[in-house]
Engineer: 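A single structure is presented below for examination.
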Amino acid sequence: MDKLVIEGGTPLRGEVRISGAKNAALPILFASLLHAGPNKIANLPKLVDIRTTFALLIELGVGIRKDAEGASIVDGSTLLSDTAPYDLVRKMRASTLCLGPILGRTGHARVSLPGGCAIGSRPIDQHLQGFEQLGAKIELTGGYIEATAPGGRLKGGRVIFDLVTVGGTENLLMAATLAEGKTILENCAREPEIIDLADALRSMGAHIRGDGTSVIEIEGVDALGAMDHTVMPDRIEAGTYMAAAALTHGDVLLQGARLRDLDAVMSKMAMAGVEVRREGSGLRVRHHGELHAVDVDTSPHPGFPTDLQAQFMALMARSSGSCTITENVFENRFMHVPELTRMGADIKTRGNTAFVRGVDELTGATVMATDLRASATLVIAGLAAKGTTEVLRIYHLDRGYETIEEKLAALGGKVERQSQ
Ligand code: EPZ
């Protein structure tokens, strides 16, 4: 297994290109199943999760190649299977996003239940209830979900989610594009990635209104045409580098980052004393002097994103005061806390709230990555710590951050990947 060896203390300076958004690219890749022909998708990030998605699509019979400009051509002309097998779904729970497109296109889908993951049980009951409200019959046998639309086609209907779910909104949105009649989804997630998915579906001829609000209306069509879409920039990657620049007292241009995707984060960064402003087609982040302590509560968009909770906590660990960070989306997303504590942070957790007391210095240590965003947080802390930090099990990182050590090294960060 690889590890990252980090020498702390160097301010990050320069510019970094923000890659395509993982959490937009995954549903968009699955949405390509809705068209029986080639689809063009540009700006896909080079990530393990994208490769896992390619493997699942190929398992289903999809052909994938690159065109002359480097965009991916994903061709689902002939589906050989409607089953997403356990060995692929357990690697990446987002594989359950193939349910909606396969069910919408063929009227039958068989997908392994994903099982939990490090940050929580993460059930998909809302997805399944939604499909039932569109007429599907759902059976659970042998760890697999069997979804069948009577007569081979879903019927438009009204779905009210019990809670805000990004994946649930995306799965139902994709399925409804080929249902018979109109579908109204209520209590939807409003994340920018949902708007990007809707844009990709509209490029195929889908009729969608209201994406980005809590009510989305879809007029089902008989068939969808070829997708032609460029994936939005990754706001979570951008927020991660923003925290790294601030924590190391750096000055970094986040090339391609979109200000409108990060309103809640920008507001908290400004309160902490970090200067972030638009520059050209990106965001300039610079910080020197002290960091003010700022309370954070994570919540669905447009609230503070749970995917940046850990990174912001690393920032607050070096603040000049005390604050609370409350995780309201997932039930177990503080696994970075014991590792930050080993680096000298003063953080106590009680339930879903972390009490952070800023310290003058973090010190390098050997720490363990546990999940994607927690591992990025340990890298950020290592960049600011005194001495050497070794982050183990960085396969978690490779799932969601494209060539992170190269990007950080180009900013002056002393980061080296070593095989253990
Ligand atoms: C998406 O996960 C993202 N993943 C997550 O990013 C992100 O943290 C999350 O949305 C919240 O923003 C992708 O887009 C691939 P949810 P998702 O359904 O769709 C509960 C990362 O680091 N819930 O919005 O799985 C669930 O347990 C990843 O990039 C149900 O109870 O998140 C959770 O507590 C981590 N029943 C909450 O809702 C359901 O049917 C939010 O989950 C569905 C969800």
Side-chain angles (χ1 to χ4, degrees), residues 19-31 44-45 47-50 52-53 56 89 91-100 111 113-133 138 140 145 159-174 185 187-197 214 231-232 234-240 261-262 264-265 298-311 327-333 335-336 352 369-377 396-402:
S19 303
K22 168 179 84 80
N23 291 349
L26 297 178
I28 285 167
L29 277 168
F30 287 119
L44 284 175
L47 300 171
V48 167
D49 274 9
I50 297 296
T52 304
T53 303
L56 175 50
V89 176
K91 267 191 216 147
M92 185 188 73
R93 21 167 326 93
S95 310
T96 51
L97 291 173
C98 74
L99 241 176
V111 175
L113 267 171
C117 81
I119 62 177
S121 61
R122 300 179 72 182
I124 58 166
D125 55 299
Q126 297 297 309
H127 305 225
L128 303 180
Q129 273 173 14
F131 292 134
E132 286 177 325
Q133 281 157 291
I138 302 287
L140 302 184
I145 302 153
V159 176
I160 304 176
F161 293 107
D162 299 338
L163 51 88
V164 174
T165 158
V166 171
T169 303
E170 291 168 341
N171 236 338
L172 269 295
L173 171 59
M174 292 187 283
L185 306 178
N187 197 20
C188 295
R190 300 164 52 189
E191 271 66 8
E193 291 77 15
I194 293 192
I195 298 172
D196 209 42
L197 170 62
S214 57
V231 175
M232 66 177 272
D234 193 320
R235 62 192 173 101
I236 305 301
E237 184 193 29
T240 302
D261 297 336
L262 287 162
V265 179
T298 67
S299 67
H301 195 78
F304 192 96
T306 174
D307 292 349
L308 285 170
Q309 174 259 107
Q311 298 90 320
E327 173 55 55
N328 298 304
V329 177
F330 288 105
E331 63 259 37
N332 182 31
R333 207 168 194 181
M335 283 167 296
H336 44 287
N352 66 338
T370 50
D371 61 272
L372 171 57
R373 306 303 174 184
S375 38
T377 297
H396 292 291
L397 258 183
D398 296 332
R399 295 191 51 179
Y401 288 95
E402 189 176 313

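Counting convention: from 1, in listed order, for ligands and their atoms alike. Just so it is clear, the values below take in all heavy atoms, side chains as well, and ignore hydrogens, waters and symmetry mates.
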Engineer: Do E237 and S19 make a side-chain contact, defined as non-hydrogen atoms from C-beta onward lying under 4.5 Å apart?
Structural biologist: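 Counting from C-beta outward, E237 and S19 do come under 4.5 Å.
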
Engineer: For ligand 1, which atoms sit closer than 4.0 Å to a heavy atom of Q126?
Structural biologist: 36 (N), 39 (C), 40 (O)

Engineer: Only heavy atoms of I124, strictly under 4.0 Å: list the atoms of ligand 1 that pass.
Structural biologist: 39 (C), 40 (O)

Engineer: Given that the side chain starts at C-beta and the backbone is N, CA, C, O, which of these parts of D307 lies under 4.0 Å from ligand 1, counting heavy atoms, or is it both or neither?
Structural biologist: side chain

Engineer: Kindly indicate whether the side chain of M232, heavy atoms from C-beta on, has any atom under 4.5 Å from the side chain of P192.
Structural biologist: yes

Engineer: Check whether any side-chain heavy atom of S375 lies under 4.5 Å from a side-chain heavy atom of T370, and answer yes or no.
Structural biologist: no

Engineer: Which option, N328, I236, I194, V166, owns the non-hydrogen atom nearest atom 24 (O) of ligand 1?
Structural biologist: V166

Engineer: Does some non-hydrogen atom of P123 fall short of 4.0 Å from ligand 1?
Structural biologist: yes

Engineer: Taking only heavy atoms of G167 into account, list the atoms of ligand 1 that are under 4.0 Å away from them.
Structural biologist: 18 (O), 19 (O)

Engineer: Is L113 close to I145 at the side-chain level, that is, under 4.5 Å between some pair of heavy atoms?
Structural biologist: yes

Engineer: Measure L372 to ligand 1 on non-hydrogen atoms and call it side chain, backbone, both or neither using the 4.0 Å cut-off.
Structural biologist: side chain

Engineer: Considering heavy atoms of the protein only, find what lies nearest to atom 2 (O) of ligand 1 and give residue, atom and distance to 0.1 Å.
Structural biologist: R122 NH2, 3.3 Å

Engineer: For E170 and ligand 1, does the shortest N/O to N/O distance drop below 3.5 Å?
Structural biologist: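 For ligand 1, there is no N or O atom that lies under 3.5 Å from one belonging to E170.
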
Engineer: Taking heavy atoms and a distance under 4.0 Å, where does E193 meet ligand 1: side chain, backbone, both or neither?
Structural biologist: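 The answer is neither.
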
Engineer: Applying side chain to side chain contact (heavy atoms under 4.5 Å, CB included), can you list everything that pairs with L372, at least two apart in sequence or on another chain?
Structural biologist: K22, Y401

Engineer: Would you say R93 has any N or O atom under 3.5 Å from an N or O of ligand 1, going by distance alone?
Structural biologist: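 No, R93 has no N/O under 3.5 Å of an N/O on ligand 1.
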
Engineer: Please confirm whether R333 approaches ligand 1 to less than 4.0 Å, judged on its heavy atoms.
Structural biologist: yes

Engineer: For ligand 1, which is the ligand I care about here, please tell me if G168 has any N or O atom under 3.5 Å from one of the ligand's N or O atoms.
Structural biologist: no

Engineer: Evaluate I236 against L308 for side chain to side chain contact (heavy atoms under 4.5 Å, CB included), listing each step before the verdict.
Structural biologist: CA-CA 7 Å; I236 305 301; L308 285 170; 4.1 Å; yes

Engineer: Atom 3 (C) of ligand 1: which protein heavy atom is closest, and how many Å away?
Structural biologist: N23 ND2, 3.7 Å

Engineer: Using a heavy-atom cut-off of under 4.0 Å, does the side chain or the backbone of T306 touch ligand 1, or both, or neither?
Structural biologist: side chain

Engineer: Identify, by atom number and element, the atoms of ligand 1 in contact range of H127, meaning under 4.0 Å from any of its heavy atoms.
Structural biologist: 40 (O)

Engineer: How far does OG1 of T306 sit from NE2 of H301, to the nearest 0.5 angstrom?
Structural biologist: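 Going from OG1 on T306 over to NE2 on H301, the span is 14.0 Å.
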
Engineer: Among all the protein's non-hydrogen atoms, which is closest to atom 38 (O) of ligand 1, and how far away is it?
Structural biologist: L163 CD1, 3.5 Å

Engineer: Once side chain to side chain contact (heavy atoms under 4.5 Å, CB included) is applied, do any residues pair with T165, and if so which ones, sequence neighbours excluded?
Structural biologist: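 Partners of T165 by the side chain to side chain contact (heavy atoms under 4.5 Å, CB included) criterion, ordered by chain and then number, come out as Q126, H127, F161, L163.
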
Engineer: Answer yes or no: is there a donor N or O on one side and an acceptor on the other, between the side chain of N171 and the main chain of C98, under 3.5 Å?
Structural biologist: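 Not confirmed, N171 side chain does not pair with C98 backbone.
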
Engineer: Looking only at protein heavy atoms, which one is nearest to atom 36 (N) of ligand 1, and how far off is it?
Structural biologist: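 Of the protein heavy atoms, D125 OD1, 2.8 Å lies nearest.
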
Engineer: Give the residue and atom name of whichever protein heavy atom lies nearest to atom 32 (O) of ligand 1, and the separation in Å to one decimal.
Structural biologist: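 Nearest protein contact, heavy atoms only, for atom 32 (O) of ligand 1 is F330 CZ, 4.0 Å.
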
Engineer: Can you pull out the closest protein heavy atom to atom 18 (O) of ligand 1? Residue, atom name and distance to 0.1 Å, please.
Structural biologist: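 So the nearest neighbour among protein heavy atoms is T165 OG1, 2.7 Å.
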
Engineer: Knowing that exactly one of D307, N352, D371 qualifies, which makes a side chain to side chain donor-acceptor pair (under 3.5 Å) with R333?
Structural biologist: D307

Engineer: Return yes or no for this condition: an N or O of E331 is under 3.5 Å from an N or O of ligand 1.
Structural biologist: no

Engineer: Within the 4.0 Å heavy-atom shell around K22, which atoms of ligand 1 are there?
Structural biologist: 21 (C), 29 (O)

Engineer: For residues V164 and N187, determine if any side-chain heavy atom of one lies less than 4.5 Å from a side-chain heavy atom of the other.
Structural biologist: yes

Engineer: In Å and rounded to the nearest 0.5 Å, what is the CE to CG distance from M92 to L26?
Structural biologist: 5.0 Å

Engineer: With heavy-atom distances below 4.0 Å as the criterion, list the atoms of ligand 1 near V329.
Structural biologist: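 Here the atoms of ligand 1 in question are 33 (C), 34 (O), 37 (C), 41 (C).
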
Engineer: Could you identify the single nearest non-hydrogen protein atom to atom 29 (O) of ligand 1 and state the distance to 0.1 Å?
Structural biologist: R373 NH2, 2.8 Å

Engineer: Charged N to carboxylate O below 4.0 Å: is that the case for D196 and R235?
Structural biologist: no

Engineer: With distance as the sole criterion, is a donor-acceptor pair present between the side chains of E327 and T298 under 3.5 Å?
Structural biologist: yes

